Each structure stands twice: as C-alpha cells, then as structure tokens.
Amino acid sequence: MLEELLEDLNPAQREAVSAPVGPVLVLAGAGSGKTRVLTRRIAWLLASGERPSAILAITFTNKAAGEMAERVRRVVGERADGLWVFTFHAACARMLRLHPELGGLRPGWSIYDQDDARRLLERTIRRLDLDTKRFPPRAIAAELSLAKARLVDPERFTEVATGLYERQVATIYRAYQAALREANAADFDDLIGLVVGGLTERPELAEYWQRRFRHVLVDEFQDANPAQHELVRLLAREHQSVFAVGDVDQSIYGFRGADPEGVLAFEERFPGARVVTLEQNYRSTNAILELANAVIAQNRRRYAKHLFSELGAGEPALRYQASDERDEAQWVAAQLRRLVADGTPVDEIAVIFRTNAQSRPLEEALSEAGLPFRVVGGVRFYERREVRDLLAYLRLLENPDDDVALVRVLNVPRRGIGRGSEEALAAAARLRGRSMLRLLREEGVGVLGLTPRQERSLERFVALVDTLSDAASKLRPAELLDLVVAETGYLEYLNEDDPITVEGRLENIAELRASAEEFEDLASFLERAALISAVDEAMGAGGVTLLTAHAAKGLEFDVVAVVGLEEGVFPHARSLVEAEGVEEERRLFYVALTRARRALLLSSARRRSSWGEPLYNPTSRFLEELPTELVEDAAVGERLWDAPALVRVVTPTSPRTQRRHPWREGQRVFHARYGEGSIRAVIPRGIDEELVIAFEGAGERRFFASMVKLRALEG
DNA sequence: AGACAGCCAATTTTT
DNA sequence: TTGGCTGTCT
C-alpha cells in the first residue's frame, strides 16, 4: 500500500513523499510535480495510519485547495473525509469561527474584504479629520496590510514610526483596528494575525490546535509572509511535522509582504529539516527550460537549481518587434491563428501580459482574427455591485454590528436616506459607543435630530431589516437571499438604475443564489463568499486565455505568448526604483516562460500609448538575457492575412442562457414562503422571464424565473 | 436627495 | 484611456 504510492515517482519525489515525519522542505522547480508530491505525501500519511482530521494542508488559492482536495480524494477515497485542505485565510477563518475568542471576536463576526476594509479605512481617516488626499485610503490600506503581514500591531507601528506622517498613519491604524473590533469584523490580514495572536496569548486554545494538527503541509511556501510563517511555526510547535513545498524563483508577491527568505530560513526555524530538490521538469521542452534557466540565473538571491526535462529539444522561441501595441496584438493573433489552424486547441494557448490594461488591443486583434478568447481577472464576481449589495444585507443579518454592511445597503435600493441621515446616524452611534443598527433599534430614530421625513425613511429601513432578521434563522441561505431580493425590491431597483446592464446583473444574482444553495447556514455561506475570488469561474469556457503573469502562476499551456517586453512595462517602471524590484520582475518573467509546454512567442512594441500619451521604451532587458541560439526573429510585417484560414473556431456558449423551467400561465406552483399560487403572467425580461404569481393569502408577487425557487404542482 | 459635470490619478494582487 | 470622487445645480 505504501509502496504503491511511490511507484510512479522519481527518486527525489519519493524521498520527499516518504521522508520520516518531521520538518521537510521541498524545493520544487516549475513543472516538477510539486502538487503531486504534496498530495502523495498526504496519502502517505493517511496510509501510515494518520487520522485525516490531524492533517492541515494549506494553499494560497481556493482553486489550489480544491484541486488538492480532489486529488487526495482520488487517491485515498473517503479516507480523506475530515482532512483540512484550505487556504491560509480559510483555515484561520474556520478556526475563528469555531473559537471566536481566539481573535477577540463575538460569534457572527464578519470578514471584511479589500473593498470593505478600504471603506472602513476611509471613514476612519475622515473621522480623524485627516485629508484623504494626503492619506489616500488605497495607499494607507497597502501600508497597513504590509504591517500586518509582518505582525506589526498598532503599538509596535507607533514605536517605530518616524516623523509626523508615520505617526499619523499609526493613529489611523489604531483607530481602524478599533473600528474593526466595534464592527465585530476582521479584515483579510487580521484573519492570520488574530489567530497568530490568539495562539501566542491563549495557551489553552493554542494547546487545542497544536494537538489537533499533527501535520501541517504548505504549498507555494515562497509566497508566505512573516505572519503566515509564524502561524505555521505555532501550529507545528508540538509535532514539528511541517511539509513545505516552494520555489524561490517563483516568488512574485514580495510587494504584498511575501517573504521568500522564509524558505531559506526554514532549516533554522525547524532544526533537523530534510531538504529535497526537484529539478526534473515534466512540462516543457528543453528549449523553453533553457530560456527560463538563463533568465533566472541572472538573479542573485536564490538556491541554484537547473531544470531539465525528457520532453525533447523543442523549438526556439519566436520573437517579434512590433511598431506599436496594435501591430503587436495583430502579430500575436496571426501566429495563434496559424497554430490553431495546425491543430493547437484554442484553450491550450495563453497570452500573458504584465498589467491588465494591456489586454484590450489583444482582445480586439483576437476578435478580428476570429479566435475565441477569455480574459481572466477582470472585474471579479464577488466584486460586482449587485453581489456585494445582496451579501451586505445577509452580512447585516448575521452581524448587526457590521456598520460597513449597513452603510452599503442603507440607501440601496434608494429609499430616501441620504448623506445627512447617514452622517447623523454615524455620529450618534459613535457618540453612544454602539453600532448603527443597534442604535436605531435600541434608541429609535428620535435621537438623531432629523426631519420627520428622514425619520420615516429610517424607520421603514429598520422595519425591513427586522422583518428579514426574523426570517433569517428559519430560512436556508438561498431562501433568505430570495427574501432579501423580494422585500427590498432589488430587481426593480436594478432595472430602473440601468436597464442596459440588468441582464448581466440578473445572471450574477442567479449565480450567487446557486452558490448559496450549497450551504445550510448563513455563516458558512458568507465565509465562503468573502474568501473566494471566483477566478475559477472564468475557467472552463473554451478560448485563448488572456491573463497577467501573476494570474498565470500554477497554470500551463501548450503555447504561451508573452507580450509587452519593454523596459517600463515588463519589467514594470515601478520596479526599477525599488530595491529587489527587478529581481522580482525577473521571477515574474520566469513564471511566464515556464507556463509553456511547447512553444513560446515573445513580443515588444517600439511605441506604446499609455493613458493617451505615446511612450518609446527600449526593449526589455529580459529579452537581452535570453540565449540567442534559442530565439528566432519573426519576419517583419507578417500579419493576419499571411496566416492560413481557420479550420474551425470554437465559440464559447453560456450555459446560463438556457431556461431552467418552461413556466406557463395558469400553472399551479408552490413557493416555500408564500405557499400555493398560480402563475398569472410570464413576461420576457432579457434572457430571463418575470413571473407574476397570485398566492392564496399572500396576494400577487413578482419573481424572476431564474431566481425564484418554485415547485410545479399538478393542475 | 439625487443628478451631473469636471478633476485627478493610475502595477502586479492568490486572500 | 478609464473610473472614482468632489462640488454644484435642480
């Protein structure tokens, strides 16, 4: 049984998987099978008789966590039940959900994502009478995030603050943390920080978790920040069984506090650690690996490592210098079209750029070339306004102290509660030391000194929230969501607000409902909604993938085009003035190159307009670093019309445009809340339909067919 | 309270 | 170029 788990592994992979229990560091080059090693190690531990619930496997993305759980399950089946395979944030959220006191939180606490955190921070800055020009919330948020990543709390921040500016930031930090606490909320960084704090200061809880997790495994270890390193250290304190897999050469999140030095310090932190290096690559041709090796060899701070593969010599990279970004995009499109005509599937192709802003000309050129494509990481699902609005309602029901959620929904849909009312409410709440909703409930609107009209609006809002609250404990999350939509008149609001976008927004709400459907309790649904970025949601549809180098990490494609190889673009201008900046950019370029299995296209533009202004950047230094014998220059002027006609183009279709149920007038239906009724009218609304249903006792109600949960009755 | 026009600023970003 | 915010007008 144990031996079986090692059969198809190479010697280095075997050594890692079967290492005796204790600290193990696996330095895994790109494409060297690190996920396979990690999942096999979990299977190995289970096969050795370890309980699943004693194992905590940590990743950075939900996608990676999902894949790992899936792969473990494939190997060990139901013996994987009870295993914790989570992101750092999800693992901490789960611990805090089980033990809110670990982080000084009360049950029902909220997770604030970047947007919520930024809003709270902005309010905090204004409240301190500081200028948001001088203290831009975005920049301050980044600074505080970095501080938290380094476990610098407000007290420590104050101690090390030099100069007036830093001292004021320290004041903001302190006030912001107080505001979070009052709202019974934790931001992303706090999820880690609060658990670390709790494990440090609460021995009885620390003991529980340290006993529970006999083994901690960490993927993408080079991306862990000091707070996360400390978390791993604390969790593994009792058993010292840490299995960390990482590649310093792929550390591309230094700007967010990731600390690849932590990889290098692993052996000090965990004495007696075994270190295994995986250098055999199972992904790319040797030409691609030699290009990547040559680039990364220019970096100083790294463990020397030389990737090789048995997948043949391969073809040199094709390089093209375009006149401008449009020319560049057209060249890429022409090349891709040729490759597709020759049989490369479109979803085995990626175009990688440094910044999202570069995608537009590529989208245009691919459209013109008739190639289907998808852009990864535009506006993300959970960042869409309608999704956030509805989640805010749900959050408020779970956590009445969540002022950020309250402010978000206070006047959405518009109900006559304007800035004046909001400010009066915020001030009064602050003065009386309670949250806004609590103040309204406990003291009424009378204490705010508002006009009768404003008071009435606020009272109506409180009545609405109370109605929803009463239902909250009785309904499943998806049903509660329906109720929120119905009671607030949210669909009508969307339609009035912007009829053009309403169709897409309805789809989003339907999708939110579908994901709510998977949950039995509100807290877990909200936790998931806050922690998932739904990057995965873009995956699946066929087409050329357009994405940033950051988003490309962990993915692989037959063909990769890396565009915009100019000084100031890639490497990014900002990196040129930062210490270690260019080295991180070089790692990013290395990540981009190593995504390719068979072929690489590299391009640059002599002229590129950015924000309307033309820029003339020299070609990227990274291009100069490539071995000349592995780079071939493309013929100048090769264009779309030189490429062969397409054999076939796969056009993505949206599965959600299909109707779920053919509702018809006169149909008898059952609704969980309103009971039995009959359909009075079916009105087409874009891709959706609006149903007018007359209920016995509940009167006439309107729903969108894609969202309402109805059971068809006979007759 | 809400609509609108002008102004400024602008990486990457798993969570 | 876009989007987000501020201040003014209705």
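Proteins get letters first, then strands, A, B, ... in listed order; numbering begins at 1 in each. Note that the coordinates shown come from a computational prediction; the quantities given were computed from them, not determined experimentally.
With hydrogens and angles left out, the side-chain atoms of A:T545 and A:R374 include a donor and acceptor closer than 3.5 Å. A donor-acceptor contact closer than 3.5 angstrom links the side chains of A:T355 and A:Q358.
Neither OP1 nor OP2 of B:dT14 sits under 4.0 Å from any side-chain N or O of A:T59. Taking 4.0 angstrom as the limit, A:R587 places none of its side-chain polar atoms (N or O) nearer than this to OP1 or OP2 of B:dT12. A sub-4.0 Å separation between OP1 or OP2 of B:dA1 and a side-chain N or O of A:Q454 is present. The shortest distance between the side-chain N/O atoms of A:S421 and the OP1/OP2 oxygens of B:dA1 is below 4.0 Å. Residue A:N62 has a polar side-chain atom (N or O) positioned under 4.0 Å from OP1 or OP2 of B:dT15. Side-chain nitrogen and oxygen atoms of A:N411 include at least one within less than 4.0 Å of the OP1 or OP2 phosphate oxygen of B:dG2.
In this entry the distance linking CZ of A:R94 with C1' of B:dT15 reads 15 Å, nearest Å. As rounded to whole Å, 16 Å separates atom P of C:dT1 from atom CG of A:D324. C:dG4 atom P lies 11 Å from atom CZ of A:R385, rounded to whole Å. In this structure, A:F188 atom CZ and B:dT14 atom P are separated by 9 Å, rounded to whole Å. Atom CD1 of A:I111 and atom C1' of B:dT15 are 10 Å apart (whole Å). Going from atom CZ of A:F570 over to atom C1' of B:dT12 covers 10 Å, rounded to whole Å. One atom, OH of A:Y493, and another, P of B:dG2, lie 11 Å apart when rounded to the nearest Å. Residue A:F255 contributes atom CZ, which lies 12 Å from atom P of B:dT11 at whole-angstrom precision.
B:dT11: glycosidic angle within 90° of 0, hence syn.
The ring-ring contact (aromatic ring centres under 6.0 Å, His included) check on A:F557 picks up nothing, with sequence neighbours excluded.
Salt bridge annotation for A:R505-A:D389: absent, with no cationic side-chain nitrogen under 4.0 angstrom from a carboxylate oxygen.
A distance cut-off of 5.5 Å between ring centres, combined with a plane angle under 30°, leaves A:H89 outside any stacking arrangement with the base of B:dT15.
For A:Q114 against B:dT15, a side-chain N or O and a base N or O form a donor-acceptor pair under 3.5 Å.
Along DNA chain C, the nucleotide nearest to A:R419 and the one nearest to A:R360 differ in position, and the one closer to the 5' end is contacted by A:R360. Heavy-atom nearest nucleotides on DNA chain B were determined for A:E585 and for A:R415, and the one closer to the 5' end corresponds to A:R415. Between A:L588 and A:L191, the residue anchored closer to the 5' end of DNA chain B is A:L588, taking for each the nucleotide with the nearest heavy atom.
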With 3.5 Å as the limit, what N/O pairs link the protein to nucleotides 3-10 of chain B?
unit_1: B:dA10; atom_1: N3; unit_2: A:W611; atom_2: NE1; d: 3.2

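Checking each of A:D190, A:T87, A:I192, A:L102 against A:C92 for a side chain to side chain contact (heavy atoms under 4.5 Å, CB included) leaves exactly one that passes, namely A:I192. Tested against A:V375, the residues A:L547, A:V544, A:L546, A:L362 include a single side chain to side chain contact (heavy atoms under 4.5 Å, CB included) partner, A:L546.
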- Task: Could you please spell out the steps behind the salt bridge (charged side-chain N to carboxylate O under 4.0 Å, His left out) verdict for A:R354 and A:E585?
- Result: CA-CA 9 Å; A:R354 177 65 239 267; A:E585 294 287 306; 2.6 Å; yes
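Within 4.0 Å (heavy atoms only), A:G554 reaches no atom of the nucleic acid at all. Across all strands, A:Y253 comes closer than 4.0 Å to base atoms (heavy-atom distances).
Checking B:dT11, B:dT15, C:dT6 against the side-chain heavy atoms of A:R126 singles out C:dT6 as nearest. Across B:dT13, C:dC5, B:dT11, the shortest atom-to-atom separation from the side chain of A:H550 is found for B:dT13.
Taking the ring axis of A:W109 as reference, the NZ or CZ atom of A:R181 does not stay both within 45° of it and closer than 6.0 Å to the ring centre.
Formation of a donor-acceptor pair under 3.5 Å by the A:R123 side chain with backbone atoms of A:R119 is not found in this model.
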